[in-house]
There are 2 protein chains.
Amino acid sequence: MSEFAPLPLAPAYRQVAAVITERICSRALREGERLPPETELARQLGVNRSTVREALRELECSGLIERRPGSKRMTVSRPRHGEVARDVSRALALHDVTFLEVWEALRHFEPPIAATAAAAHTAADLERLVDAHNLFAGENRATELAVRHTAEYFRALGAATHNQVLALVHEPLIQLLEPSLRAMIDEVPQARARIGAAQQRITQAVGARDAATASAWMARHIRDFRTGYELAGIDLGHRIG
Amino acid sequence: MSEFAPLPLAPAYRQVAAVITERICSRALREGERLPPETELARQLGVNRSTVREALRELECSGLIERRPGSKRMTVSRPRHGEVARDVSRALALHDVTFLEVWEALRHFEPPIAATAAAAHTAADLERLVDAHNLFAGENRATELAVRHTAEYFRALGAATHNQVLALVHEPLIQLLEPSLRAMIDEVPQARARIGAAQQRITQAVGARDAATASAWMARHIRDFRTGYELAGIDLGHRIG
DNA sequence: ATTGTATGATTGTCCGACAATTGTTAAGAC
DNA sequence: GTCTTAACAATTGTCGGACAATCATACAAT
C-alpha cells in the first residue's frame, strides 16, 4: 500500500490571494487597473471581508497591488525593483551571508555589468553616471553621503545596461555592500581617493564604449574593496548586519 | 511659525508588521521561536486581533514567519531561497523581461558560477551534480522532466559554490530559463544531446577542480542555448511568460 | 506502549458596527 | 457654460464579539 501524500489544504485567505495573483500574472488584471472594493470581492468569492483583507495584505507586500498616494482604492501594480531587492537583501542577511560571499559575487558580476553598460548606455545613462561620480568626489566629509553616492554609482551602472535582469540581480549586491563600505570608508584614509579614481576610469571607459577597459577597471575597483576591508580590519568571514 | 511637515502615518497593520519585522531582523526573535498568540500580540500592541492578523499575513508572505506543518502557532523563520527567487522571477516576468535579457545574464553569470563550483565543491556537491546529469541523460522522452532536470543541474551547480549570494542570485535565472527551454527542447532535435554533452564536460571539470575548463564549457553551453532558441524560431526580443 | 478521552488554547472564519476619508453628484455663483 | 461648493454615497481602517475546527496537553484505559 502506498503512503498518503499530505493534503495541500490552504486557508481561505491564501486561496483568495492565489486567485487574484493568478489574474494579475496572467494580465487579466492590468497594471493601474483598480481592484473591486473589498465588499464586492468578498461577495464574488463567497468569503468574508476580513478574509479578503488578509489576502490583500499578502498581495500588497508582494508588490502586486498598491495604493496610489492620497487614494483609497487599491490598484494593480508591478513590483518595484528596489523593494524586491530589499527582500532579497534581507533574506541573505538573515541567512548570515558573510562579507566574503558578497565580495565574491561582486567580483564576478560587476565587471560584466560594467562591460554591458559600456556597450548599451545612452547619453542620459552616462549623465547619471557622471553625476553620481561628481557627487561622490565632491563629498569629503559625511560618511553616510559618500556611501550613498557610491551605491548610486553602482545603481546607475546597472541601469545603463538596459537589462532588467542584470539590474535587478545587481541591486541586492549594492544594498549588501553598503554596511561594509560604511565600516571601511572612514578607517582607510585612501579609500575615498581610490574609489573616486576607479569611478572616473570606469566612467571614462563607459563613455568611450570601451567594454574591455570598463570591465578591467571595475575588476580592479572590486579588488580594492577587499583590500580596504583587510586594511580596516574587517573579518571577511563574519556575517553582515 | 514653521510649517508642519506631513506626518508619515502608516496604517496600524503596517506598523505592527514593521515592529515585528524589526524584532526578527535584529535577532531579538530567533529562528524557530514561536510567536505569541494573536490575542496576546493584540493585547500587547493595543490593537485589535484583526489588525494583528493582517500584519501576520505580510510577515508570512515575506517568509519571516511560517507555520510548521501540522502546527497551529506561527514560528519565526528565515525566507527560503526558492520562494525569494520566485518573487524575483515573478517581478521580472511582470516587467516584461525578454529572452535576450535572461540569456545575457546567464552568459555573464553562469561561467563564474561554474568556476567557483569547481573550486569550492565537496564530494556531496559533486554527487548531486552527477545525479542531476544522469537523470537528464536518462530521460529521452518527457519534455517536462528534461526541463526540470536541466534546472536541477544548474541548481546543483549553484549550491556547489557554497556562496549563498551566488546561489540566490542564480536561482531566478534558472526559473526564468525554464519556459524558453521548454519551448526549445522539443523543437531542436540535437538540443538534448548538446545539453547532455555540456553537462558531462562541466561535471568532469568541476570534479577535477579545473575552474577554467568548467567556466569555458559553461560559456559554450550558454551560447548553445541561444543557438537553440534561434533554431527553434523563438523571438529573442519577446517577453517571457 | 499505544489508544482513547477530556480540557483548554489557538486559529480560521464569520458577522456587524462605526469613524474617517475619498469619490461623486447636485446645487449654487459667476 | 464653467467653476466652486455643499451634500451625499462609497470605501477603507479598525474595532468588538462570536463560534467551529484544530492543536496541545494531560490523564485514564487497554
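Computed from a prediction, not measured in an experiment: that's the story for all the values here. Here is the naming used below: chain letters follow the sequence lines, and residue numbers restart at 1 for every chain.
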5' to 3' contact window, DNA chain D with chain B (heavy-atom distance under 4.0 Å): D/dG13 to D/dA24

C/dC15 phosphate, OP1 or OP2, under 4.0 Å from A/R49 side-chain N/O: no

Non-hydrogen atoms of B/I240 and B/P179 that approach each other most closely: CG2-CG, 3.8 Å

Rounded distance in Å - CZ (B/R34) to C1' (C/dT11): 13 Å

Taking every non-hydrogen atom, the tightest pair across B/P79 and B/L64: CG-CD1, 3.8 Å

Basic-acidic side-chain contact under 4.0 Å: A/E152, A/R148: no

Salt bridge present between B/E54 and B/R57 (N-O < 4.0 angstrom): no

Sugar-phosphate, base or nothing in reach of A/R14, heavy atoms under 4.0 Å: nothing

Helical bend (five base pairs per end, nearest 10°) for the helix from C/dA1-D/dT30 to C/dC30-D/dG1: 20°

Under-4.0 Å salt bridge between A/R141 and A/D186: no

Aromatic plane relationship, B/Y229 with B/F99 - under 30° parallel, 30 to 60° tilted, over 60° perpendicular: tilted

B/L59 CG - C/dT11 P separation (whole Å): 14 Å

Protein and nucleotides 6-8 of chain C: nitrogen or oxygen contacts under 3.5 angstrom:
none

Nearest non-hydrogen partners of A/V84 and B/A91, listed with the distance: CG2-CB, 3.8 Å

Spacing between B/E38 atom CD and C/dT13 atom C1', to the nearest angstrom: 11 Å

Nearest atoms (heavy-atom pairs only) where A/T161 meets A/A117: CG2-N, 3.9 Å

Residue whose closest nucleotide on DNA chain D lies nearer the 5' end, B/N48 versus A/L35: A/L35

Rounded distance (Å) that lies between atom C1' of C/dG12 and atom CG of B/L56: 13 Å

Phosphate OP1/OP2 of C/dG12: any A/T51 side-chain N/O under 4.0 Å: no

Length of the CE-C1' vector between B/M74 and C/dA9, whole Å: 17 Å

Rounded distance in Å - CZ (A/R67) to C1' (C/dG23): 15 Å

Evaluation steps, side-chain contact (heavy atoms from CB on, under 4.5 Å), between A/R86 and A/E171: CA-CA 8 Å; A/R86 207 170 32 75; A/E171 179 66 28; over 6 Å; no

Any B/R73 side-chain N or O less than 4.0 Å from OP1/OP2 of C/dG12: no

A/H162 side chain to B/E101 side chain, donor-acceptor N/O pair below 3.5 angstrom: no

Integer-rounded Å distance: C/dT11 P and B/K72 NZ: 8 Å

Rounded distance (Å) that lies between atom P of C/dT13 and atom CD of B/E54: 14 Å

Cationic N near anionic O, under 4.0 Å, B/D131 to B/R128: no

Pair A/T116-B/H108, side-chain donor/acceptor within less than 3.5 Å: yes

